[in-house]
There are 2 protein chains.
Amino acid sequence: MQNMQRIYQNPPTHLVAVDCIIFGYEQEDLKLLLFKRQLPPAQGEWSLIGGWVNEDCTVEQANQHVLKTLTGLEGIPMEQVSIYSKPDRDPGGRVISISFYALINVQEKGKELEKQFGAEWFSVKELPNLIFDHNEMVADALRKLRFDGSKTLLGHGLLNEEFTLSQLRSLYNSIYDKEFDPGNFRKKILSLKVLERLNKKDFSESKKGAFYYKYKPDNEIEYNERIVNLK
Amino acid sequence: MQNMQRIYQNPPTHLVAVDCIIFGYEQEDLKLLLFKRQLPPAQGEWSLIGGWVNEDCTVEQANQHVLKTLTGLEGIPMEQVSIYSKPDRDPGGRVISISFYALINVQEKGKELEKQFGAEWFSVKELPNLIFDHNEMVADALRKLRFDGSKTLLGHGLLNEEFTLSQLRSLYNSIYDKEFDPGNFRKKILSLKVLERLNKKDFSESKKGAFYYKYKPDNEIEYNERIVNLK
DNA sequence: GCAAAAGTGTTCATAATACACCCATGT
DNA sequence: ACATGGGTGTATTATGAACACTTTTGC
């Protein structure tokens, strides 16, 4: 710090924060994990989780640290969404914030979060008012998620390791808020050649049974086509 | 500052900078405006221009301020590209930097910049070594530019107010480093319905002459299709 | 046998690509 | 008259969307 100020002659410094937008999927519905804010200002209101960026780490590392500290989750891939820097966006002071989103499996990891950390899952269609500009952050993250899902097959994180094409289609239905045609969706997804079919069927949703699929190893996956047409 | 620290109990603060990636177009070639760095560290080496984010402004405003101060350019639309936050990315100290790109007209505005501000235009194909991680910033900005140009018609800023379709095609050729088919390019661009043809021709490049076009007013422009297929 | 999801096939409309060909005109 | 870039038209292929149809099996 001394060193830097000597060289750069005391330019202003800022609090820099990261905020995590945690998406989950359950019961044909895209969900968002929200927390009751623990400290003032706006203590007790619904909020994303966030934390400070420290001296010796990147914003990505800071974000992973926040996620681990406040939810116990580790090694979840996260996507950077945007920067928020209006001087008055946080009534507690001038904070520059960088947002990331994560996709997690509600079945596997979501339930204990609700208990241990006082978190709650909300449908993205019925979100409460969030503190500061967090609603805007969520909207931006959802836009980024839709964009990412248009060129990369989502499911990793949100679904179980093994899933049926119907489950995947329901996930896409919920993310894009529309009904994909079953036949066309299946053809499109299989044409990407990123999934491999297992010799196992899920009989919970039909008598005939639907084959389970899983992702090929990451290093065998390459995306060359669009999956969803955004307009 | 007092206020904020009282509430937030002294989390670390950071120097936050913005960096401007300035693209231009001249002689069928996409160019980048570089400057000799004025202050240590790395004084005298080729660099992007940048500056500090102040207390009372957004990063977008800081970026506009830098551009105005260091080039005299005002009101140029800029696109945010990414954040760079490796703790050791700037040997002068821990600086978190946010990059933006701008498109400017070399003919109209570029020449005096070279004289007044000691700047120099480089072909993006033959860039010198830049300080810190600035080469990475440029690469990221170019990727973002290509992406933006795939769903929005570029030319605003880079070309003159009035331009021919051949000029526009040459611009696209230089940005994507490939040869667009003249006939198909023209059909694609006109199908977007964002240009209007003028009753004027440019005879400098052919005997027959090519019609000038200009953009329709912004509020009449809407993009629904892709222009370039990225793979 | 029938309902219901799984899965396949067919058709039609649209978009991308390659490329042939006409136009205008200065030399 | 011909070379050159401007501009138009056409054939081929690839892709997307709509939807009919077949399969399987529990009830």
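Remember, predicted model here, so these are calculated numbers, not experimental data. Per chain, numbering begins at 1; letters A, B, ... match sequence-line order.
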(request) Please report, rounded to the nearest Å, how far the P atom of D:dG6 is from the NZ atom of B:Lys200. (result) 17 Å
(message) Under a 3.5 Å cutoff, is there a donor and acceptor pairing between the side chains of A:Tyr101 and A:Asp148?
(response) yes
(message) Testing the 3.5 Å rule here: is there a donor-acceptor pair between the side chains of A:Thr164 and A:Asp202?
(response) no
(message) Any donor-acceptor pair, under 3.5 Å, between the side chain of B:Lys207 and the base of C:dG26, if you only look at N and O atoms?
(response) no
(message) Can you measure A:Ile227 atom CD1 to D:dT15 atom C1' for me and round it to whole angstrom units?
(response) 15 Å
(message) Whole angstroms only, please: what is the NZ-P distance between B:Lys201 and D:dG7?
(response) 6 Å
(message) Both A:Lys208 and B:Lys188 contact DNA chain C. Taking the nearest nucleotide for each, which residue is further toward the 5' end?
(response) A:Lys208
(request) Report the residue from B:Glu179, B:Glu205, B:Glu28 that forms a salt bridge (charged side-chain N to carboxylate O under 4.0 Å, His left out) with B:Arg169. (result) B:Glu179
(request) From the options C:dA18, C:dA16, C:dA5, select the nucleotide whose nearest atom is closest to the side chain of B:Asn184. (result) C:dA18
(request) Considering only NZ, NE, NH1 and NH2 on the basic side and carboxylate oxygens on the acidic side, decide whether A:Lys144 and A:Glu79 come within less than 4.0 Å. (result) yes
(message) Does A:Gly183 reach a base, just sugar-phosphate, or nothing at all? Heavy atoms under 4.0 Å.
(response) base
(message) So B:Lys187, base contact, sugar-phosphate only, or nothing? Heavy-atom distance under 4.0 Å.
(response) base
(request) Nearest whole angstrom, please: distance from the C1' of C:dG7 to the CZ of A:Phe211. (result) 10 Å
(request) Round to the nearest Å and state the distance from B:Phe185 atom CZ to D:dT8 atom C1'. (result) 17 Å
(request) Round to the nearest Å and state the distance from A:Ile189 atom CD1 to C:dG7 atom C1'. (result) 15 Å
(message) Heavy atoms from C-beta onward define the side chain here; which of D:dG16, D:dC19, D:dG6 lies closest to that of B:Ser166?
(response) D:dG6
(message) Distance alone, cut at 3.5 Å: any donor-acceptor contact between the side chains of A:Asp19 and A:Tyr84?
(response) no
(request) Could you tell me the separation between the CZ atom of A:Phe203 and the P atom of D:dT23, rounded to a whole number of Å? (result) 18 Å
(request) Look at the side-chain N and O atoms of A:Arg186 and state whether any lies under 4.0 Å from the OP1 or OP2 oxygen of C:dA6. (result) no
(request) May I have the distance from B:Leu190 (atom CG) to D:dG9 (atom C1'), rounded to whole angstrom? (result) 15 Å
